[in-house]
Amino acid sequence: MEEVTNSAIKTPDSSEGLSASRIRETRIEKLSALREQGINPYPYKFEKTHNNEGIQQKYQDLPAGEETQDVISVAGRVMAIRNSGMFIDLMDSTGKLQLFSHKENLDEATLALVKQIDIGDFVGATGTIRRTPRGELSVKTQSLQLLSKSLLPLPEKFHGLTDKETRYRQRYLDLIMNEETRDTLRKRSLIISAIRQFFLNKGFLEVETPMLQTLAGGAAAKPFITHHNALDLEMYLRIAPELYLKRLIVGGISEKVFELNRNFRNEGLSPKHNPEFTMIEAYQAYADYHDMMELTEELVSSVAQQVLGTQTINYQGHEISLNRPWKRLTMIEAVKDETGEDFNQIQTREEAHQSAKKLGLETDPAWGWGKILEFIFEEKVEPKLIQPVHIIDYPKETSPLAKVHRSDSRLVERFETRINGWEVANAFSELSDPLDQRARFEAQLKAREAGDEEAHQLDEDYITALEYGMPPTGGLGLGLDRLVMLLTNSPSIRDVIAFPTMRPK
RNA sequence: GCGUCCAUAGCUCAGCUGGUAGAGCACUCCCCUUUUAAGGGAUAGGUCCUGCGUUCGAAUCGCAGUGGACGCACCA
């Protein structure tokens with residue numbers, strides 16, 4: 001088990017040049033030297049009594065030059081070595097702490113070990129706490145243990161790792177070198193945790209629905225295709241959990257359900273799109289889209305308050321207030337306010353085409369009234385919506401899963417929440433009429449036959465479920481990654497996903 | 001998919017109108033025991049992304065490719 005094969009020694013990472021591989025070879029030689037001294041460079045356990053932040057806090061009032069007799073043990077990665085090992089910067093997940101290893105305080109073996117420590121190694125240290133005359137809180141080392149030998153050189157200590165490609169491909173290096181990355185990904189975790197707690201506190205039941213589906217429904221997007229061998233069946237990675245969550249509402253497992261998990265869409269990559277991304281979907285029986293607006297506002301503002309301690313955020317130079325209530329604007333009003341074109345007056349498809357033309361927009365002759373309204377909205381209004389706003393009452397023809405508006409049959413009860421111009425949430429009064437649902441699916445099928453690859457597929461079993469009866473239900477979908485981008489001021493979705501999709505090198 | 005820009009040591013970067021590659025950090029060795037990007041000295045480290053071309057001569061110019069960033073398209 002202690003044997004190291006020649007091939008292990010002689011196979012450096014293919015991306016390394018000579019300089020790095022020489023450093024690596026030197027360090028492998030150090031491994032043998034350590035073992036000859038009876039030191040296992042990869043031991044099993046260390047009794048760590050404190051983390052670095054805990055020490056910094058506990059002794060924050062210790063004056064410079066003072067020393068305590070408290071004996072503690074800390075552990076972490078060596079980030080810098082000064083004065084031939086007398087000073088070591090030790091980093092753990094909570095922060096930095098200096099080790100002070102004076103030759104007068106150490107036995108010969110420990111002093112020898114200090115000399116063999118390299119930047120990047122994990123070490124554990126036991127000693128007393130003192131603050132140096134220059135004010136740096138330090139562990140005055142009594143004993144030192146190597147906890148893991150690092151074989152590869154870390155990036156430069158001052159400039160760190162800045163190359164974006166390397167930061168995404170070797171996220172572990174990015175995390176070691178960049179506090180900002182650690183902070184962003186930790187905040188992501190806190191945000192997820194706050195969201196989960198928010199729903200649980202409101203009585204929502206967390207559920208899981210299939211990622212592998214025989215029919216990729218619930219959204220308009222291209223799916224990833226895969227194959228199940230035993231069933232000899234073409235399957236899809238889900239593009240949305242929506243139709244399964246509503247089946248659970250039909251079944252009555254709970255009147256409130258939510259799922260927080262991955263969706264997969266076979267589309268382009270961009271600073272706002274990753275092929276796999278995290279979606280929060282929530283469904284509440286006996287509720288409508290007005291209730292979902294309340295839920296969305298409460299969720300986002302309370303998560304910001306909890307994780308950031310404020311509801312005013314700064315995103316790439318824009319100050320955004322998440323304080324409730326958020327503005328609500330129908331799509332028709334939004335278009336009228338911005339362009340003067342009033343789709344309450346524009347009734348026919350021909351008039352709609354003319355309206356778009358007047359605004360300098362090119363339309364596809366196949367588009368109907370609703371599609372053109374939505375297109376004008378996206379082109380002319382959307383980029384200007386920086387502050388949170390619910391855009392409500394979408395055209396029926398582009399929303400096949402939403403219930404017809406109770407007072408305008410051209411529209412559905414749907415809203416999208418825009419923050420910084422982005423679609424952050426999408427919600428409906430869910431369509432519960434099975435016959436209408438079938439008609440809407442059939443319209444989508446026609447669009448699919450006409451070449452729209454992303455039109456919804458017809459899900460017979462879902463219609464069957466609706467035929468057994470689904471209560472009036474409000475549904476909400478919320479893109480987690482974009483929310484995290486906003487709350488962490490991250491310019492790219494890749495900054496908020498630990499391992500973003502990359503082409504293999 | 002299209003366009004623009006980028007690719008030089010492990011990392012961060014210089015390298016001029018074409019003349020054959022440099023710095024700092026890291027590594028190795030020496031000095032140095034109260035440092036904070038420690039300091040001083042000496043060494044070592046290169047497929048200049050790949051290929052083809054132009055040229056007496058290419059890191060540098062051209063074409064193609066690969067990878068990346070950004071923008072557009074796609075994302076109803």
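Quantities reported herein were computed from a predicted structural model and do not represent experimental measurements.
In this structure, of B:C25, B:U33, B:U34, it is B:U34 that holds the atom nearest to the side chain of A:F87. Minimum atom distance to the side chain of A:T162 is reached by B:C13, of the listed B:C13, B:G24, B:G68. Residue A:R82 places its side chain closer to B:A38 than to any other of B:A38, B:U33, B:U12. When each of B:C32, B:G68, B:C25 is scored by its nearest atom to the side-chain atoms of A:K157, the top-ranked nucleotide is B:C25. Distances were taken from every side-chain heavy atom of A:T26 (C-beta onward) to each of B:U28, B:A26, B:U36; the shortest belongs to B:U28. Distance from the side chain of A:Y168 is smallest for B:A69 among the nucleotides B:C27, B:A69, B:A37. Out of B:C74, B:G67, B:U28, the shortest distance to the side chain of A:E454 is found at B:C74. When the nucleotides B:G68, B:G10, B:G71 are ranked by their closest atom to the side chain of A:R494, B:G68 comes out on top. When distances are taken from the side chain of A:I23 to each of B:A26, B:U33, B:U34, the shortest belongs to B:A26. Checking B:G10, B:C70, B:G45 against the side-chain heavy atoms of A:K164 singles out B:C70 as nearest.
The CG-C1' distance, from A:D495 to B:C70, rounds to 13 Å in whole Å. Rounded to a whole Å, the CE atom of A:M502 is 11 Å from the P atom of B:G67. Between A:L173 atom CG and B:G10 atom P there is a gap of 14 Å when expressed in whole angstrom units. Between the NZ atom of A:K103 and the P atom of B:U34 there is a distance of 9 Å, rounded to whole Å.
Using the Watson-Crick or G-U wobble rule with both distances under 3.5 Å, B:C32 pairs with nothing in any strand shown. Across all strands shown, B:A38 forms no Watson-Crick or G-U wobble pair with both distances under 3.5 Å. The pairing partner recorded for B:C13 is B:G22, the criterion being a Watson-Crick or G-U wobble arrangement whose two distances lie under 3.5 angstrom. Across all strands shown, the partner of B:C70 is B:G3, judged by Watson-Crick or G-U wobble contacts whose two distances both fall under 3.5 Å. Figure legend. B:U47 is base-paired to no nucleotide; pairs are counted as Watson-Crick or G-U wobble with both atom distances under 3.5 Å. Under the Watson-Crick or G-U wobble criterion, with both distances below 3.5 Å, B:G62 is paired with B:C52.
Take the nearest nucleotide of RNA chain B for A:K30 and for A:K96: the residue whose nucleotide is more 5' is A:K30. For the pair A:A80 and A:S101, nearest-nucleotide mapping onto RNA chain B gives the more 5' position to A:S101.
Across the C1' atoms, B:G65 and B:U12 are found 28 Å apart, a figure rounded to whole Å. Distance noted for atom P between B:G41 and B:U50: 35 Å (whole Å). When the P atom is compared between B:C52 and B:G10, the two are found 23 Å apart, to the nearest whole Å. Rounded to whole Å, the C1' atom of B:C25 lies 15 Å from the corresponding atom of B:U36. For B:C61 and B:C74, the P atoms lie 35 Å apart once the distance is rounded to whole Å. Here the separation of B:A23 from B:G15, taken at their P atoms, is 15 Å to the nearest Å.
Side chain of A:Q37 to backbone of A:A112: no donor-acceptor contact under 3.5 angstrom is found.
Across all strands shown, A:K371 has heavy atoms under 4.0 Å from sugar-phosphate atoms exclusively, and none from any base. As judged by a 4.0 angstrom heavy-atom cut-off over every strand, A:D163 is placed among residues touching the sugar-phosphate backbone only. Using a 4.0 Å heavy-atom distance criterion, A:R169 is classed as a sugar-phosphate-only contact. No contact: A:K396 has no heavy atom under 4.0 Å from any strand. The residue A:E136 sits close to a base: some heavy atom pair falls under 4.0 Å. Looking at heavy-atom distances under 4.0 Å, A:G160 makes contact with sugar-phosphate atoms alone, never a base. Residue contacts shown for A:E397 are absent, as no nucleic acid heavy atom lies under 4.0 Å away. Among the protein residues, A:S84 comes within range of the nucleic acid bases, having at least one heavy atom under 4.0 Å from a base atom. A:F100 comes within contact range of at least one nucleobase, with a heavy-atom separation under 4.0 Å.
The pair A:K140-A:E67 meets the salt-bridge criterion, with a side-chain N (NZ, NE, NH1 or NH2) lying under 4.0 Å from an Asp/Glu carboxylate O. Under 4.0 Å is where a charged nitrogen must lie from a carboxylate oxygen, and between A:R82 and A:D89 at least one such pair does.
For the side chain to side chain contact (heavy atoms under 4.5 Å, CB included) criterion with A:D174, the lone passing option out of A:R169, A:E180, A:R167 is A:R167.
In this structure, A:Y315 and A:W422 have perpendicular ring planes: the angle between them is above 60°, well past the 30° mark. Relative ring orientation between A:Y394 and A:F377 is described as perpendicular, the plane-to-plane angle rising above 60° on a 0-90° scale split at 30° and 60°.
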Test A:E156 against A:H159 for side-chain hydrogen bond (donor to acceptor under 3.5 Å, both in side chains), laying out the working first.
-> CA-CA 6 Å; A:E156 199 225 1; A:H159 299 92; 2.5 Å; yes
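A distance below 6.0 Å separates the ring centres of A:F100 and A:F87.
Taking 4.0 angstrom as the limit, A:R503 places a side-chain polar atom (N or O) nearer than this to OP1 or OP2 of B:G68.
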